[in-house]
Amino acid sequence: MVLEVKNITKRFGGITALKNISFTIQQGEIYGLIGPNGAGKTTMFNCITNIVEPTEGEIFFNGEKITKLKPYKITEKGICRTYQNIRLFPQMTALQNVMVGGHSRISAGVFRSVIRTKSQKQEEKLLKEKSEELLELVGLGQLKDQFAENLAYGQQRRLEIARALASNPTLLLLDEPAAGMNETETDNLFDLIKKIQSMGITVLIIEHDMSLVMRLCDRITVLNFGEKLAEGTPDEIQNNEAVIEAYLGKEEEETIA
Amino acid sequence: MLIEQLINGITLGSIYAIVALGFTLVFGVLGIINMAHGEIFMVGAFIGVLTTSVLGWPLWLAFLASIVVTSLLGYLLEIFSLRPLRGKKGVSHLAPLISTIGVSIFLENLSHHMFGAGNKPFRTAFAEIRFEIGSITIYLVQITIFVISVILMVGLSVWLSKTKAGKALRATAENLETASILGVDTKKIITLTVIIASGMGGIAGILVGMAFNSVSPQMGLSMGLKGLAIIILGGMGNVKGAMVGGLILGLSETLLVAYGDSGYRDAIAFIMIILILLIRPQGIFGSKTAEGR
Amino acid sequence: MLGELLNPYYLQVLCFILINIMLALSIYVPLSSGQLSLGSAGFMGIGAYTSALLTIHYELPLYVTILVGALLAGVIGIIVGIPSLRLTGVYLAIATLGFGEVIRVLFVNWESLTKGSVGLTGIPQLGRELLKFAKSIGIEPSALGLKNNQFVYLSLVIVLLIIVLFILWFVIRQQNSRIGRAYSSIQMDEKAAESMGINITYYKVLAFAQGAFIAGLAGALFAHTIGYISPSDFSYHRAVEILIFTVFGGSEVIIGSVFGATILTLLPEVLRFVSDYRYIFYGIMLVILMAVRPQGILDLYLFYRLKGKRIKRGTS
Ligand SMILES: Nc1ncnc2c1ncn2[C@@H]1O[C@H](COP(=O)(O)OP(=O)(O)OP(=O)(O)O)[C@@H](O)[C@H]1O
Ligand SMILES: [Mg+2]
């Protein structure tokens with residue numbers, strides 16, 4: 001069990017964004033988190049990474065409680081995420097962005113960084129190589145010296161994934177990675193996520209593109225107005241009455257119309 | 001006398017509040033600190049001296065002149081140093097800060113040239129009128145200052161909440177883009193805001209001249225710094241906060257001078273804001289903003 | 001010949017340029033981690049007074065007192081930096097400006113120690129100390145073809161230059177490393193930086209304290225360059241002047257601070273012909289500059305283009 005979310009509740013003033021949510025993710029899975037707009041999916045990510053503190057409940061990562069840890073500690077433990085509204089470092093190059101992601105995997109402090117000790121040079125070199133590999137992996141090898149702000153939308157999304165991977169996560173959280181992508185890009189994304197899975201990384205993904213989610217995920221949790229509506233395999237979810245009514249139903253109507 | 005000191009403190013505090021209101025209005029709508037506001041206030045005070053002492057105009061006309069000149073300055077400030085920076089890419093929050101600092105350097109040195117470095121006396125017959133109640137002396141000027149500041153405060157609040165222009169201003173302060181989508185002429189509103197804020201600076205300037213009988217090119221700076229301190233104290237962009245913050249500062253300064261060590265008078269404002277920032281960073285009346293996307 | 005070129009007046013201007021570069025860097029470093037700190041004048045004052053008082057009262061060697069001054073400023077930087085973490089943007093700017101004012105008022109009022117607004121005089125001059133030292137080891141300025149006071153200022157310039165180069169070396173190296181990447185990521189998006197495993201508390205306080213240390217060092221050197229200090233040397237005007245060095249030159253790149261401090265220290269000298277009106281011009285110039293080039297004269301894109309990489313300013 002990589003991640004265990006236990007009875008998480010999150011309230012913002014009057015609104016309850018998450019109501020007593022629990023689920024668990026197994027090693028090596030691709031796990032989907034879906035639900036209509038405002039269901040609380042991003043809030044779930046924010047709670048896991050402790051960007052916002054859950055009002056109630058606990059989260060365990062590899063059996064260890066991480067609920068009260070600082071976000072950077074959680075990343076050090078091996079959880080890293082991407083953002084729904086891309087949050088790259090705009091005036092850094094693609095390569096620099098990815099290297100920032102590797103921050104917690106190298107250790108030089110001020111002294112070693114300025115003196116440029118042998119070990120510092122070595123770790124910088126390794127990080128740079130690894131970052132370039134990751135850029136290749138997401139298909140941005142040619143663009144490594146471009147400023148992030150000058151990349152196209154889909155490229156920025158992939159750069160965020162590369163940056164997150166640079167922190168060597170064992171659990172990767174992707175918040176709507178396919179948003180704004182066309183069909184080919186989405187297909188490439190599918191391959192990319194499968195590859196990430198084959199690297200032994202567990203993936204938790206929020207996504208509105210149902211066909212992608214259904215093809216990709218091993219199991220899915222559906223949220224609606226902060227409540228857990230259902231949990232199961234893609235087949236079970238697609239045939240779940242409550243889900244169809246609350247979510248897929250609407251979606252299908254839209255696509256048919 | 002404690003009561004006299006309290007009255008002095010309230011007078012001073014009222015002036016501070018008016019200055020702070022100018023800062024708050026501009027910050028509320030544009031999200032920037034107008035570093036030239038103190039100097040606009042100073043110019044307002046000089047116009048008061050010029051018109052009453054030199055030209056011998058009546059006080060009400062001096063007020064009018066001061067308001068007109070400072071409003072015009074506000075307009076020029078908007079045109080030359082704020083508007084060019086708006087909506088441009090690569091403009092950090094540093095740019096308007098530096099740009100308005102440029103204006104403040106310009107105005108301070110210009111006044112220096114035109115009026116000389118020293119203090120100018122501001123004498124009006126009006127400033128001598130006083131009442132004795134028992135052993136307490138109250139100057140008419142003090143009452144006037146308090147009344148004017150209350151009128152400004154109430155007027156501004158009513159204007160903001162009741163009139164169409166006021167509502168448009170609040171909408172602009174809330175969210176510039178949304179406001180312009182909703183059909184608010186944001187350019188006009190912003191210009192109006194800067195003009196009103198500057199005009200209030202002018203009023204404060206002339207009031208200070210009357211209350212303390214002296215005006216100098218350097219007065220803009222210390223008043224500007226205190227105005228900044230007050231809007232942090234009261235909460236940025238908050239009208240009520242500016243009033244309360246101004247009064248708190250005016251009272252504590254007066255009481256410190258009367259009963260404590262006057263040398264630290266100019267530090268109080270900052271000691272207060274450092275404390276408030278540590279205890280309640282959003283200010284006394286400010287509200288917290290949420291983070292997390 | 002050399003004697004002609006080494007006009008003490010020019011050398012002194014050079015000294016101020018070098019000190020101002022340090023001061024500009026003291027804003028640049030915290031700014032590179034996203035913190036607009038206007039406390040440099042205050043930290044400068046702490047460094048200056050500490051070193052001056054230690055030399056006057058205890059006759060310690062200058063290299064000790066200067067270092068103590070800078071370190072004290074750095075430690076106070078940590079103490080001020082930690083609570084300041086809660087503040088961002090203009091709030092931080094005003095609070096640090098306030099800190100500077102409190103320090104200045106303290107200097108004015110702590111008369112038994114600081115001699116109040118009159119300030120301290122008779123502070124040992126670094127160049128003269130170097131002259132004494134040179135003579136003590138048997139080097140006579142005349143042997144180098146220099147007059148005594150040329151030697152005094154020349155040695156001072158050399159010492160300051162070495163210190164500035166060292167700071168530049170340090171900051172540039174730090175910038176192109178794990179630390180520098182952490183700083184800029186925090187500057188660009190603090191929350192995202194934290195999600196990438198960066199301990200923002202640590203790095204922000206570090207950058208803040210480094211800025212304070214550099215300002216303290218510059219202050220101590222300032223005191224031993226001109227020989228007398230008073231609280232008004234460390235006022236609001238100084239804080240603003242330092243900020244303008246950095247922003248004028250371009251706050252995105254380190255070279256901007258060097259450039260800004262150099263040009264703006266020279267400018268009043270060059271503008272002497274309009275003597276009395278120079279600050280009026282100065283004000284107008286700032287307004288125009290911000291309207292035309294709000295990011296300062298030098299920026300990141302210019303910098304990259306000079307390095308031969310082809311990048312356009314973004315459209316997204
Ligand atoms: N920081 C916050 N402060 C206040 N309310 C918040 C905050 N973050 C989220 N909310 C509220 O919590 C609810 C859930 O938001 P959340 O962003 O988690 O939805 P979501 O499922 O990610 O939606 P979407 O599909 O649109 O991304 C919404 O009503 C939102 O307004
Ligand atoms: Mg979301």
Side-chain angles (χ1 to χ4, degrees), chain A residues 45-46 49-51 70-83 86-93 96-116 120 123-124 127 145-153 156 160 163-164 166-169 173, chain C residues 29 32-34 74 166-207 209-210 213 251-253 295 299-301 303-305 307-316:
Chain A
F45 272 24
N46 286 341
T49 52
N50 206 13
I51 297 280
K70 287 241 169 103
Y72 81 91
K73 284 274 181 204
I74 293 174
T75 309
E76 282 177 4
K77 298 252 176 249
I79 301 182
C80 203
R81 70 177 288 183
T82 66
Y83 285 91
I86 301 168
R87 293 182 83 159
L88 287 163
F89 307 118
Q91 279 99 325
M92 284 191 203
T93 64
Q96 285 167 340
N97 265 282
V98 180
M99 286 178 78
V100 171
H103 181 89
S104 54
R105 296 299 160 238
I106 58 175
S107 62
V110 174
F111 183 76
R112 279 171 61 208
S113 293
V114 172
I115 300 295
R116 298 270 153 98
Q120 190 267 354
E123 67 175 26
E124 281 285 310
L127 176 61
D145 289 326
Q146 292 293 321
F147 279 173
E149 64 182 355
N150 295 343
L151 295 178
Y153 194 73
Q156 294 195 357
E160 266 213 342
R163 183 181 68 175
S167 72
N168 263 348
L173 313 183
Chain C
V29 172
S32 73
S33 73
F166 176 77
I167 297 174
L168 281 172
W169 174 81
F170 184 97
V171 176
I172 291 173
R173 281 223 163 183
Q174 177 174 271
Q175 208 160 34
N176 298 317
S177 76
R178 179 173 179 259
I179 313 291
R181 284 194 301 270
Y183 282 1
S184 10
S185 66
I186 293 170
Q187 184 214 0
M188 290 177 202
D189 190 334
E190 197 172 309
K191 282 284 165 205
E194 195 172 18
S195 314
M196 290 305 124
I198 289 165
N199 181 351
I200 48 176
T201 308
Y202 173 78
Y203 286 104
K204 284 176 85 171
V205 174
L206 181 66
Q210 284 180 338
F213 178 89
S251 58
E252 293 174 357
V253 288
Q295 72 275 35
D299 69 359
L300 214 53
Y301 282 85
F303 200 58
Y304 267 83
R305 223 172 303 145
K307 275 173 135 183
K309 295 185 181 167
R310 301 191 35 225
I311 298 173
K312 289 197 303 285
R313 189 126 209 149
T315 43
S316 57

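What's counted below: heavy atoms across the whole structure, side chains too, no hydrogens, waters or symmetry copies. A note on names: the letters A, B, ... follow the listed sequences, proteins ahead of strands, and every chain is numbered from 1.
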**Student:** Which atoms of C:Gln210 are under 4.5 Å from chain A, going by heavy atoms: the side chain, the backbone, both sets, or neither?
**Tutor:**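 Interface part for C:Gln210: side chain.
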**Student:** Looking at A:Met92 and C:Ser185, what are the two nearest heavy atoms and their distance?
**Tutor:**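 A:Met92 and C:Ser185 have their closest heavy atoms at CE-N, 3.2 Å.
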**Student:** With side chains defined as the heavy atoms from C-beta onward, is the minimum distance between C:Met196 and A:Thr75 less than 4.5 Å?
**Tutor:** no
**Student:** Specify which of A:Lys77, A:His103, A:Glu76 makes the most heavy-atom pairs with chain C at under 4.5 Å.
**Tutor:**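 Heavy-atom pairs under 4.5 Å are most numerous for A:His103.
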**Student:** Shortest non-hydrogen contact from C:Ile179 to A:Val110?
**Tutor:**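 C:Ile179 and A:Val110 have their closest heavy atoms at CD1-N, 3.7 Å.
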**Student:** Please identify, among A:Pro169, A:Pro90, A:Ser107, the residue contributing the most non-hydrogen atom pairs under 4.5 Å to chain C.
**Tutor:**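 Heavy-atom pair counts peak at A:Ser107.
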**Student:** Count the heavy atoms of every other residue, nucleotide or ligand shown that sit under 6.0 Å from CZ of A:Phe111, and state whether that count exceeds 12.
**Tutor:**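 Result for CZ/A:Phe111: open.
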**Student:** For A:Leu127, which atoms come within 4.5 Å of any heavy atom of chain C: side chain, backbone, both, or neither?
**Tutor:** side chain
**Student:** Top residue by heavy-atom pair count (under 4.5 Å) with chain C, among A:Ala108, A:Gly109, A:Ser167?
**Tutor:**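 The answer is A:Ala108.
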**Student:** Going by ring-ring contact (aromatic ring centres under 6.0 Å, His included), name the residues that satisfy it together with A:Tyr72, two or more places apart in sequence or in a different chain.
**Tutor:** none
**Student:** What heavy-atom pair brings C:Thr201 and A:Lys70 nearest, and what distance separates the two atoms?
**Tutor:** OG1-NZ, 4.2 Å
**Student:** C:Arg181, C:Gln175, C:Gln174: which one forms the most heavy-atom pairs within less than 4.5 Å of chain A?
**Tutor:** C:Arg181
**Student:** Using non-hydrogen atoms and a 4.5 Å limit, figure out which bit of A:Arg163 sits close to chain C: side chain, backbone, both or neither.
**Tutor:**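 For A:Arg163, heavy atoms of backbone and side chain both lie under 4.5 Å from chain C.
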**Student:** Can any side-chain N or O of A:Arg87 pair as donor or acceptor with the backbone N or O of C:Lys191 at less than 3.5 Å?
**Tutor:** no
**Student:** Do you know the tightest heavy-atom contact between C:Arg178 and A:Ser113?
**Tutor:**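 Heavy-atom minimum between the residues: N-OG, 4.5 Å.
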**Student:** What pairs with C:Ser195 under side-chain hydrogen bond (donor to acceptor under 3.5 Å, both in side chains), at least two apart in sequence or on another chain?
**Tutor:**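 Here the qualifying residues are A:Tyr83.
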**Student:** Could you tell me which portion of A:Gln96 (side chain, backbone, both or neither) has an atom closer than 4.5 angstrom to a non-hydrogen atom of chain C?
**Tutor:**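 Answer is both: backbone and side chain atoms of A:Gln96 are under 4.5 Å from chain C.
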**Student:** Closest approach of A:Pro71 and C:Glu194, non-hydrogen atoms and distance?
**Tutor:** CD-OE2, 3.4 Å
**Student:** Could you tell me which non-hydrogen atom of A:Arg116 sits nearest to which non-hydrogen atom of C:Asn176, and how far apart they are?
**Tutor:**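 Looks like NH2-O, 3.2 Å.
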**Student:** Mind ranking A:Glu123, A:Met99, A:Gln120 by heavy-atom pairs under 4.5 Å with chain C and telling me who comes out on top?
**Tutor:** A:Met99
